Amino acid sequence: MNTTILGYPRIGPNRELKVATENHWAGRIDAGALTETGARLRADVWTRLRDAGLGSVPSNTFSFYDHVLDTSVWVDAIPDRYRHLTGFDRYFAMARGVQDVPPLEMTKWYDTNYHYIVPEVGPGTRFRLAEGAAAKPLAEYREAKALGIETRPVLVGPLTYLLLAKPAVDGFRPLSLLDGLLDVYAEVLERLAGAGAEWVQLDEPALVEDRTSEEIDALARAYAGLGRLTSRPRLMVATYFGRVGVDALRVLAKSRVEAVGLDFVAGPENVDVLASVGGLPRKTLVAGVVDGRNVWRTDQRRARATCASLLGLVDRLVVSTSCSLMHVPIDLDAETSLAEDVRSRLAFARQKVGEVVGLGRALREDVPAEATATRPAVDRAVRERVKALGDGRRGDRAARFAAQRKALGLPALATTTIGSFPQTPEIRKIRADRRAGRISEEAYKKAMKDEIARVIALQEELGLDVLVHGEPERNDMVQYFAEQLDGYAATEHGWVQSYGSRYVRPPILHGDVARPRPMTVEWATYAQSLTGKPVKGMLTGPVTMLAWSFVRDDQPLADTARQVALALRDEIADLEAAGIRVIQVDEPALRELLPLRAADRPAYLDWAVGAFRLATSGVADTTQIHTHMCYSEFGEIIGTIGELDADVTSVEAARSHMELVGDLRAAGYENGIGPGVYDIHSPRVPSAEEMEENLRRALRAVEPARLWVNPDCGLKTRAYPETEASLRNLVTAARRVRKEIAG
């Protein structure tokens, strides 16, 4: 190795994986056709990376759904409830569920917007290496070798895998299964060596989090055992997303692994950490100096300076990305409408591979560094307004609760949805026709209003208490607002995988943010005119607007968050003035951006809470502020949820079987809460009885007046038949439990 990357996007340049996967789910193609699509995509990536001049090409980074789920399959960590299924049926049931079997839990991959399928292990788990094509690392290595391409298989490291796993029974410790898992890893390493593999990459991002002495001991045991294998490839242990722990790096430095990967973008302190353990004098350092998570061009001078500071600490240095490139779009060349002053500052996955190769060559040949890209202009009016606003504070909670109860007249266990309704092919086509100029603005608005009217009528018929307009005009909850705010740019083809076949196009926040005009008021007021029930105004919060965008890196995130919060504050004021009495400001990414180290969290939570309060604190007590969060472990920030001071918070809870209610009870949470009673990321329709049981669990921690009834998340990705059936069951469940508590 002299240059490499830690991974590459697997979705295909034209989202071929999404199309094939969804066609398979719909029964339009069989398993063989889906398998062939995967093989074509893998071959294209391996060939492209080899031809780009990388010194080492990674393999086993492709996945039909999720790489952690893939690991569960090839180590045979498959819960018994899925054993009756086989092949793709079993694989996708674990990810998405089937009618009679719920899926495994899903949550965020560290502090990214990628979601992984949580392994479930227990006392009965017996790891073994899967056979045939299910032994994925082996199968893909051989597949690449048959094409004449030598690759470096990438595996989720054994420690990280177990630390990500959830115990199948209370009190069970997944780490107790380490020895059995190491036996499987030893077997796959030996088989890879027999097949000719020279290197294997073991990803251990868990090492950039706070780790206990027991976990550090487990790390030492794991790599002592794997290092002693007499027949194995050379081992590279890759950490990323932050600074590695000193104790963890000391273990790796003393181990027999041949290479260690460190992230010098998210963890610039790793230079000092490396020096503190005496460097890696007999090992290769894979230096992550090209940002794998953001789209800005690499500052060549800074990257080369970092590499120069490392040369005396290691035996050999390899230039690499900071993490897998799966977190960025594939190719900047596909973008033809970006302003040149923005475009000139960008690099997507393909361009970042070129940067890695170029940096490696420049270091070898002492080529002069390129000039740093220009920076954006400053909007002084925005900065002065932000500076003039203090911290946002609302009135007394009890007074607000009473005022809203009187103004809204809602029952106990009020029912609602999170915001979006299914987006049909017809709706998507209308939006596409508008972008392409095939229909007039008048025709577009009529079509959107017709859809809103249909969604309002449906909710009235279902009997929901607080309605939504369904968001037919929105392509994405962040992109929709970014396209209307100054300081943002949108891509045409900048797709990034969020989970499974769910891809997003994160906008690019490149300058100071301002709102030139109202963004949602027209749609919200039209919807409200159709019903006497309250209709929620729907906005995306400042933290999520940052987390799900590619954000400028030339000023602190806190400063950028306050600019976005100011724009949202203006929008909320206009919604309230237009008669919207319930306004939801979604912050699903609040937990996602939580720093991986505990010591770094207070500063982040301070500005994140401050930005939300700045956006929402300008309303009257009678206006009810909601927020929504999903697919994260909320126990760590349960106190912060209270500090946001939203009147109602809706959260993901169905896949985790209402575990959140225990955290709520312990934290003394006082505001309204809507723990999701069914999982919208699965196609199954839960029964009313299942939702009733979830509500009864929630009522153990929350009194009825504060408990709301809603799905886990928005319904955009679902179809209408399953949505209507699920919501009908939801309303039925709420009414039944409402009668129970009324006596």
Side-chain angles (χ1 to χ4, degrees), residues 5-22 41 44-45 48 58 61-69 95 106-117 205 240-241 265-266 290-297 321-335 337-338 342-343 345-353 474-483 488-510 540 544-553 588-589 592-593 630-632 681 716-717:
I5 61 173
L6 300 192
Y8 198 78
R10 56 224 189 187
I11 64 179
N14 296 303
R15 295 184 290 165
E16 292 89 344
L17 182 58
K18 175 184 177 70
V19 173
T21 303
E22 292 181 351
L41 292 173
D44 178 70
V45 168
R48 185 179 297 278
T61 60
F62 175 84
S63 177
F64 284 106
Y65 202 97
D66 164 54
H67 58 281
V68 181
L69 174 61
M106 179 169 70
T107 195
K108 296 293 179 72
W109 176 246
Y110 294 91
D111 57 352
T112 76
N113 187 34
Y114 177 78
H115 304 63
Y116 72 94
I117 301 299
Y240 41 82
F241 299 151
V265 177
V290 171
D291 195 344
R293 287 183 58 176
N294 214 332
V295 294
W296 309 110
R297 285 176 56 192
T321 53
S322 62
C323 61
S324 171
L325 292 172
M326 67 179 285
H327 304 289
V328 297
I330 293 177
D331 191 359
L332 181 61
D333 290 345
E335 303 302 326
S337 61
L338 287 171
V342 176
R343 181 187 176 85
R345 296 159 54 198
L346 303 178
F348 291 178
R350 187 175 178 185
Q351 288 71 39
K352 287 178 182 289
V353 171
R474 302 187 190 185
N475 41 23
D476 173 81
M477 65 182 292
V478 170
Q479 183 181 344
Y480 173 77
F481 293 100
E483 289 175 345
Y488 270 97
T491 65
E492 296 176 283
H493 307 286
W495 296 102
V496 177
Q497 185 181 32
S498 179
Y499 62 87
S501 68
R502 168 68 170 156
Y503 303 167
V504 294
R505 281 184 294 155
I508 298 167
L509 200 168
H510 60 84
T540 301
T544 302
M545 287 294 296
L546 267 60
W548 295 355
S549 301
F550 295 117
V551 181
R552 61 190 299 184
D553 59 357
E592 175 184 314
L593 281 191
C630 58
Y631 294 95
S632 288
H681 293 85
K716 175 182 176 180
T717 60

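From a predicted model like this one, the values you see are computed outputs, not experimental measurements.
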Does a donor on one side chain sit under 3.5 Å from an acceptor on the other, for Gln497 and Arg502? no

Donor-acceptor pair, Trp296 side chain versus Val551 backbone, under 3.5 Å?
yes

Without swapping roles, check the side chain of Glu483 against the backbone of Tyr480 for a donor-acceptor pair under 3.5 Å. no

Looking only at side-chain N and O atoms, does Trp548 offer a donor or acceptor that is under 3.5 Å from a partner on Gln479? no

Donor-acceptor check, side chain of Ser324 to backbone of Met326, threshold 3.5 angstrom: yes or no? yes

Show your reasoning for whether side-chain contact (heavy atoms from CB on, under 4.5 Å) applies to Tyr488 and Phe481.
-> CA-CA 9 Å; Tyr488 270 97; Phe481 293 100; over 6 Å; no

In short, Ile11 meets Trp495 closest at the heavy-atom pair CD1-O, 3.5 Å

Practice item. Could you give me the CA-CA distance, side-chain angles and deciding distance for Phe64 and Leu17, then say whether side-chain contact (heavy atoms from CB on, under 4.5 Å) is met? Key: CA-CA 7 Å; Phe64 284 106; Leu17 182 58; 3.8 Å; yes

Under 4.0 Å between a side-chain nitrogen and a carboxylate oxygen: does that hold for Arg345 and Asp553?
no

Closest non-hydrogen contact found for Ala589 with Ala547 is CB-CB, 3.4 Å

ask   = Is any side-chain heavy atom of Arg350 less than 4.5 Å from a side-chain heavy atom of Tyr8?
value = yes

- Query: Any side-chain donor-acceptor pair under 3.5 Å between Thr107 and His115?
  - Reply: no

Taking every heavy atom of Val295 against every heavy atom of Pro329, the minimum-distance pair comes out as CG1-CD, 3.9 Å

**Asked** Is there a side-chain contact (heavy atoms from CB on, under 4.5 Å) between Phe550 and His510 once you walk through the steps?
**Response** CA-CA 8 Å; Phe550 295 117; His510 60 84; over 6 Å; no

Exercise for the section: Could you tell me whether the side chain of Arg505 and the main chain of Thr491 form a donor-acceptor pair under 3.5 Å? Expected result: yes

So, do Phe62 and His67 have ring centers that fall under 6.0 Å from each other? no

dist Cys323:SG -> Leu6:CG (nearest 0.5 Å) comes out at 7.0 Å

In this structure, OH of Tyr65 is separated from OH of Tyr116 (nearest 0.5 Å) by 14.0 Å

Minimal heavy-atom distance between Gly7 and Thr61, with the atoms involved, is CA-CG2, 4.0 Å

Rounded to the nearest 0.5 angstrom, the NZ-CG distance for Lys716 and Asn475 is 6.5 Å

#### Entry: Test item: Leu346 and Val342 side chains (from C-beta on) under 4.5 Å apart, heavy atoms
yes

Does the Glu16 side chain pair with the main chain of Asn14, one donor and one acceptor, at a distance under 3.5 Å? yes

Rounded to the nearest 0.5 Å, the NZ atom of Lys108 sits from the CG atom of Asn113 at a distance of 4.5 Å

Of all heavy-atom pairs linking Thr112 and Phe241, the shortest is CG2-CZ, 3.7 Å

Quiz prompt | Residue pair Val290 / Ser322, side-chain heavy-atom distance below 4.5 Å | solution = no

Could you give me the CA-CA distance, side-chain angles and deciding distance for Val328 and Asn294, then say whether side-chain contact (heavy atoms from CB on, under 4.5 Å) is met?
-> CA-CA 7 Å; Val328 297; Asn294 214 332; 5.9 Å; no

For Leu325 and Pro9, the nearest pair of non-hydrogen atoms, with its separation, is O-CG, 3.3 Å

Can you check whether Asp291 reaches Thr321 side chain to side chain, under 4.5 Å on heavy atoms?
no

Fill in: salt_bridge(Asp111, Arg293) N-O dist < 4.0 Å
yes

Exercise. Check whether any side-chain heavy atom of Ile117 lies under 4.5 Å from a side-chain heavy atom of Val68, and answer yes or no.
Key: no

Taking Arg343 for its side chain and Glu335 for its backbone only, find out whether a donor-acceptor pair lies under 3.5 Å.
yes

Is a side-chain N or O of Thr540 found less than 3.5 angstrom from the main chain of Met477, in a donor-acceptor match? yes

Review point. So, Lys18 side chain and Ser501 main chain: donor-acceptor pair closer than 3.5 Å or not?
Key: yes

When rounded to the nearest 0.5 Å, the distance separating CG of Asp331 from CZ of Arg48 is 7.0 Å

> Mind checking whether Tyr114 and His327 have parallel, tilted or perpendicular rings, split at 30° and 60°?
Replying inline: perpendicular

